[in-house]
2 protein chains.
Amino acid sequence: MVQTARERAREALTADIVETARGQLAEVGAAALSLRAVARELGLASSAVYRYVPSRDDLLTRLLVAGYESLGAAAEDADDPGLAPRDRWVAVSRGVRAWALAHPHEWGLLYGSPVPGYAAPQDTVVAAMRSAAVFGRVLGDAAYSGGLAGRAPNADRTALVGPDVTPVLGGEHPALDDDVRARAVLAWSSTLGLVSAELFGHLVGVTTDQEAFFTEQVGRLADLVGLAG
Amino acid sequence: MVQTARERAREALTADIVETARGQLAEVGAAALSLRAVARELGLASSAVYRYVPSRDDLLTRLLVAGYESLGAAAEDADDPGLAPRDRWVAVSRGVRAWALAHPHEWGLLYGSPVPGYAAPQDTVVAAMRSAAVFGRVLGDAAYSGGLAGRAPNADRTALVGPDVTPVLGGEHPALDDDVRARAVLAWSSTLGLVSAELFGHLVGVTTDQEAFFTEQVGRLADLVGLAG
DNA sequence: ACATGTCAAGAGCAGTGCTCTCGTCTGCGA
DNA sequence: TCGCAGACGAGAGCACTGCTCTTGACATGT
């Protein structure tokens, strides 16, 4: 028992605050998240909350990290290494969409417009990598299992992806050149766009069956990456 | 002169309020837009503004419509009917991106997370169509000029686009089936995703040259749609 | 010249983030 | 076992927000 009773109580109450804030976030959204409302729900004075959370921005950061972790876990759960590469990619994409539909306000916090006056600190980028890494793993496994199409016919185009993304996008492999990595980044940000467009209401009236439409589209994106299936 | 001096003064002041609010929006973002700050900047009492704008939400709606119109105009300006279909698509996409970079907070209002407690009224959807219609026109012109690839080999897949989008996506033409329309919708929402990802900081460290990267990616999307060039 | 009604302003309500102070109480070291 | 530093919760208060209501001045149309 390395921590005292006070420390335990402190951690428990801090966790309570973050959990209550998550509930608030799910109900009213990030920009309307109120520290006073969290305090009210916990039966605390608003000033007491500041003993545990230094500021509203810090609370947002915690929710941001928790959101990235939650999304990353959902993506990992949706992955099934036994499937063909293309089907794996589609399954992970569907997992991401399902999480977004279940947590729309959290998705807005992660990938929507930034909260005014708030800049995400550097700690959040590692958490943000978790879901992207799942796609990267599918890509890497496909390369090693031969489930990735060869070099595109016009692969002489510049690819323009930074060297930092190599580890997260499947690692080093002869089949994984910058051209296919650029395609993967395109597929990833396209998926972001599809989910956001659906969630933010930009596809109402455009599609007849949102889920089937999404599945078909991410399948096209998997083809664009060159995944076999 | 059908309107009295009072009516003219009223319209001028209303326009001043909206213009000042646009400035505020550009500076601090939509969620932090303050009616009182607008009033201060105009030398008015905060209560006086409510004589011209019924509520903050109504002001947001006006800014939303103005934003869609501004983006649509930028897309139209970027279009050049003399180019090959693929180059036209890329040019319009680049125009959209350039507008977004010049008006980041307005882009966030249009395509980012919705402002809490605010639901966009139906009037905004027609304005939102304007930029999409430019892409639709490029698609339609390509079909009529023969610059659109034929039916995809596996076009037996369901396409799942609603019938309402046909007019805006090039109209009726034998080469424009629901499969190619679905690809166009995918390319459009992918472009949304690319721009949002860049603007909201999700591509920092991923690409080495944002503009060249974007140009290359929307070129891939144009290929996916089947535009020749 | 007068009545109508539009106008700007101010006070006020309920809410926000955040700070400071003031008693209380806990837990650690002597 | 005692005493005290430090943590704790509560409350008041500041500056800000959107919005409503009243009040008094002014311009407009008859």
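Note on naming: letters A, B, ... go to the chains in the order of the sequence lines (proteins, then strands), and numbering restarts at 1 for each one.
- Applying the 4.0 Å criterion to OP1 and OP2 of dG18(D), one finds that Ser34(B) has a side-chain N or O inside that range.
- Distance from the side chain of Arg51(B) is smallest for dT22(D) among the nucleotides dC19(D), dT22(D), dG9(D).
- A side-chain N or O of Trp107(A) and one of Ser196(A) form a donor-acceptor pair less than 3.5 Å apart.
- A donor-acceptor contact under 3.5 Å is formed by the side chain of Ser47(A) with the base of dG11(D).
- Taking every nucleotide of DNA chain C with any atom under 4.0 Å from a non-hydrogen atom of chain B, the first and last of them, 5' to 3', are dT6(C) to dG12(C).
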For this session: Evaluate side-chain contact (heavy atoms from CB on, under 4.5 Å) for Val195(A) paired with Leu101(A), printing each intermediate quantity in order.
Result: CA-CA 9 Å; Val195(A) 173; Leu101(A) 290 182; over 6 Å; no
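- The phosphate of dG9(D) has OP1 or OP2 within less than 4.0 Å of a side-chain N or O from Tyr52(A).
- Between Leu44(B) and Ser55(A), the one whose closest nucleotide on DNA chain C sits nearer the 5' end is Leu44(B).
- Distance, Leu35(B) CG to dG18(D) P: 5 Å, rounded to whole Å.
- By the 4.0 Å N-to-carboxylate-O rule, Asp58(A) lies close enough to Arg62(A) to be salt-bridged with it.
- Across all their heavy atoms, Asp178(B) and Arg181(B) have their closest contact at OD1-NE, 3.2 Å.
- Distance CG (Leu60(B)) to C1' (dG18(D)): 12 Å, rounded to an integer number of Å.
- Across the protein-nucleic acid pair, Arg8(A) atom CZ and dA7(D) atom P stand 18 Å apart, rounded to whole Å.
- Of all nucleotides listed (dC19(D), dT17(D), dC8(D)), dT17(D) comes nearest to the side chain of Ala37(B).
- Taking atom CD of Glu41(B) as the reference point, atom C1' of dT17(D) lies 17 Å away to the nearest angstrom.
- Counting any heavy atom pair closer than 4.0 Å across all strands shown, Leu33(B) reaches sugar-phosphate atoms only and no base atom.
- Summarising the geometry, the separation between OH on Tyr50(B) and C1' on dC19(D) is reported as 5 Å, rounded to the nearest angstrom.
- Between His202(A) and Tyr111(B), the ring-plane angle classifies as tilted under the 30° and 60° cut-offs.
- Separating the CZ atom of Arg40(A) from the C1' atom of dA10(D) is a distance of 16 Å, rounded to the nearest angstrom.
- Residue Ala45(A) is the one, among Arg36(A) and Ala45(A), whose nearest nucleotide of DNA chain D lies closer to the 5' end (criterion: closest heavy atom).
- Under the 3.5 Å distance criterion, with hydrogens and angles disregarded, no donor-acceptor pair is assigned to the side chains of Glu11(B) and Thr14(B).
- Between Arg10(A) and dC8(D) there is a side-chain N or O to OP1 or OP2 distance below 4.0 Å.
- A salt bridge links Asp79(B) to Arg88(B): at least one charged side-chain nitrogen sits closer than 4.0 Å to a carboxylate oxygen.
- Backbone-only contact: Leu13(B) has heavy atoms under 4.0 Å from sugar-phosphate atoms and none from a base.
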